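Chain identifiers are assigned alphabetically (A, B, ...) following the order of the sequence lines, protein sequences preceding nucleic acid strands; residue numbering begins at 1 within each chain. Here the structure is a predicted model, which is why all the values come from computation and not from measurement. Below, all heavy atoms of this structure are taken into account, side chains as well, without hydrogens, waters or symmetry copies.
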Protein chains: 2
Amino acid sequence: MVETGRSLMEAVRERCGRCPGRSVSICNVIEDQDLPALVAESSRVVVQAGRCFIQEGAPAHDFYVLTGGRAKLFSLMPDGRRQIVGFAEVGDFLGLASSESYAFTAEALGEVTLCRFPHSAIDRLVERFPRLHGRLQQEASSELVKMQARLMLLGRKTARERLASFLVEQASPCCAHALKDEHGPLTLSLPMSRTDIADYLGLTIETVSRTFSLFRKEGLISIRGASSVTLLSPGLLSDMAGGIKRS
Amino acid sequence: MVETGRSLMEAVRERCGRCPGRSVSICNVIEDQDLPALVAESSRVVVQAGRCFIQEGAPAHDFYVLTGGRAKLFSLMPDGRRQIVGFAEVGDFLGLASSESYAFTAEALGEVTLCRFPHSAIDRLVERFPRLHGRLQQEASSELVKMQARLMLLGRKTARERLASFLVEQASPCCAHALKDEHGPLTLSLPMSRTDIADYLGLTIETVSRTFSLFRKEGLISIRGASSVTLLSPGLLSDMAGGIKRS
DNA sequence: CCCATTTTTTGATATAGATCAATTTCTAGA
DNA sequence: TCTAGAAATTGATCTATATCAAAAAATGGG
């Protein structure tokens, strides 16, 4: 099925026109006039809450750019132990994990929209738009750096430090500078359950809950209905996340 | 300083002729006749035991291909807590971690030899040898998959499972197939200290030592002088590493 | 709006692994 | 080969977090 130039232009306007991923994903190295090539090589995917769009162990045929919503990425052990290896946000490039088969499962938290690129399509696009090379490399490198920080978190940080790190990480897409300076309260909406947070931080749900309560009693955060958290002292939390004890 | 064609050819013979990394590193997508370009863009580095060749936080100017020996890669917290994020082996591509500054320190375990490529050199080489793109991407992807496995290890595995995973991982470069089948004993020489193993596995040195002793008493391994370990039941250890309990 | 179900919080207790403290075993230099 | 210092092992005890068990709060369908 070949799209006509006309309908392709319409597709570009529809898909990329107001895409929140346009400026933060790998697409940001593509000029507006070249978007049709991207749209022609990819397809839009909508995934409902709780559904998986990448399956651990399945043959890896596609890459994805997340353009709406959030997703959790995890692997399982045979007995059901679960480790969440990351939360994906708008702009993230997924599926890079392996050449043969996916190393993790990706499940939508709320409704998720994606652009799916078959591996062959990425190959063609990279050939046509050389700047994509560097951009993909950059994506992989930044993911690698995040992974190293997570290893430190899981290997060496206490429960308090882990939760503080998580809150600061969730906050940083919003306002990175607010954490350094002693800026005011910062409200986050957490789309993931306590179980998800526990499986991300290598803790149990009870420890996560208790630590949230402790932070609340200490005046570090305030909680509204389990999914809305306000960081009352972002600076203190940021220091705690890094293992720094204030006098 | 421009090398003459003559001395460049000599340098290629000397550097690449018997390089153990030739067939396993990113160099394996470069034809023999193109090696001079690689040699011209890189420099050989020799690092003595215990010395660092990448410093966490330092500006990242170079990439490295490890061509001899082994290295430990780690990050530190302000109070000295340490997490080893990986052990590098012959063929590994290092420095990919970040665009601005290195995210970890790399320290030689024993003498290490490297080929150092400035970022700009890699850019030129990638342009000249397009196959390098895919090879670099592959390197990043495989590292990412390893990282995900390490997250599971640190977040969800027991001390026994962690040490079993470590031993199996150390063994796999040697003989991957010997682990699946019920093949015979497999001797490893571990160039890293118990402290290094502990900081890699998110445990204390005492727990690592105790777990080694337990494995020995259970007939899973035999130990000769702390750095030489023989896996007596690689299959059992492999199952334990994956969280599988045999009847 | 209400009730059944699920999720979260809180409490009591258990335990894997950490910490503190000796020994023992290696290793490198004389 | 011997020996001092370092590294590893082993033992005793502690503790942060897990586990088990309710209670409380949130959520969603009718």
Trainee: Tell me: CG of Leu163(A) to P of dT9(C), nearest whole Å?
Mentor: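 Value for this atom pair: 11 Å.
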
Trainee: I'd like to know if Arg162(B) reaches the base of dG17(C) with its side chain such that a donor and an acceptor end up less than 3.5 angstrom apart.
Mentor: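 Flag unset: no donor-acceptor pair detected.
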
Trainee: Cut-off 3.5 Å, side chains only: do Thr187(A) and Thr230(A) have a donor facing an acceptor?
Mentor: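 Yes, a side-chain donor-acceptor pair sits under 3.5 Å.
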
Trainee: Would you indicate what Arg216(A) reaches in the nucleic acid, counting non-hydrogen atoms under 4.0 angstrom: base, sugar-phosphate, or nothing?
Mentor: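 Answer is sugar-phosphate: Arg216(A) comes under 4.0 Å of backbone atoms only.
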
Trainee: Would you kindly give the CD1-to-C1' distance between Ile205(A) and dA23(D), to the nearest whole Å?
Mentor: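 The answer, rounded to whole Å, is 15 Å.
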
Trainee: Round to the nearest Å and state the distance from Leu201(A) atom CG to dA16(D) atom P.
Mentor: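 About 18 Å, once rounded to whole Å.
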
Trainee: What about Arg194(B), does its side chain sit under 3.5 Å from the base of dT10(D) through a donor-acceptor pair?
Mentor: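 Per atom types, no contact qualifies.
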
Trainee: Hydrogens and angles aside, do Arg22(B) and Thr67(B) bring a side-chain donor and acceptor to less than 3.5 Å of each other?
Mentor: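 The answer is no; no qualifying pair exists.
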
Trainee: Do the charged groups of Arg160(B) and Glu218(B) touch, with an N to O distance under 4.0 Å?
Mentor: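 The answer is yes: the pair qualifies as a salt bridge.
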
Trainee: Let me know the distance between CD of Glu206(A) and P of dA12(C), rounded to the nearest Å.
Mentor: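 Going from CD in Glu206(A) over to P in dA12(C) covers 15 Å.
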
Trainee: Taking only side-chain nitrogens and oxygens of Thr207(B), does any of them come within less than 4.0 Å of OP1 or OP2 of dG17(C)?
Mentor: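 Result: no.
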
Trainee: If I take atom CE in residue Met192(A) and atom P in nucleotide dT7(C), what distance separates them, rounded to the nearest angstrom?
Mentor: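 The answer, rounded to whole Å, is 16 Å.
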
Trainee: Rounded to whole Å, please give me the gap between CZ in Arg81(B) and P in dA16(D).
Mentor: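 Value for this atom pair: 13 Å.
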
Trainee: Working note: Leu96(A) + Glu143(A), criterion side-chain contact (heavy atoms from CB on, under 4.5 Å); need CA distance, chi angles, decisive distance, verdict.
Mentor: CA-CA 10 Å; Leu96(A) 198 64; Glu143(A) 193 56 30; 5.9 Å; no

Trainee: Is Ser213(A) close enough to dT10(C) that one of its side-chain N or O atoms is under 4.0 Å from OP1 or OP2 there?
Mentor: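 Answer is yes, contact under 4.0 Å.
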
Trainee: Find out whether Arg150(B) and Glu169(B) are in side-chain contact, i.e. whether some heavy atom of one side chain is under 4.5 Å from a heavy atom of the other.
Mentor: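 Yes, at least one pair of side-chain atoms sits under 4.5 Å.
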
Trainee: Figure out the CG/C1' separation between Leu214(A) and dT10(C), and round it to whole Å.
Mentor: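 Going from Leu214(A) (CG) to dT10(C) (C1'), I get 12 Å.
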
Trainee: Atom CZ of Phe212(B) and atom P of dT24(C): how far apart are they, to the nearest Å?
Mentor: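 Rounding to the nearest Å, CZ of Phe212(B) and P of dT24(C) are 22 Å apart.
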
Trainee: With a 3.5 Å cut-off and heavy atoms only, can you find an N or O donor on one side and an acceptor on the other between the side chain of Arg160(B) and the base of dG17(C)?
Mentor: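 Between dG17(C) and Arg160(B), which were checked side chain against base, a qualifying N/O pair under 3.5 Å is absent.
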
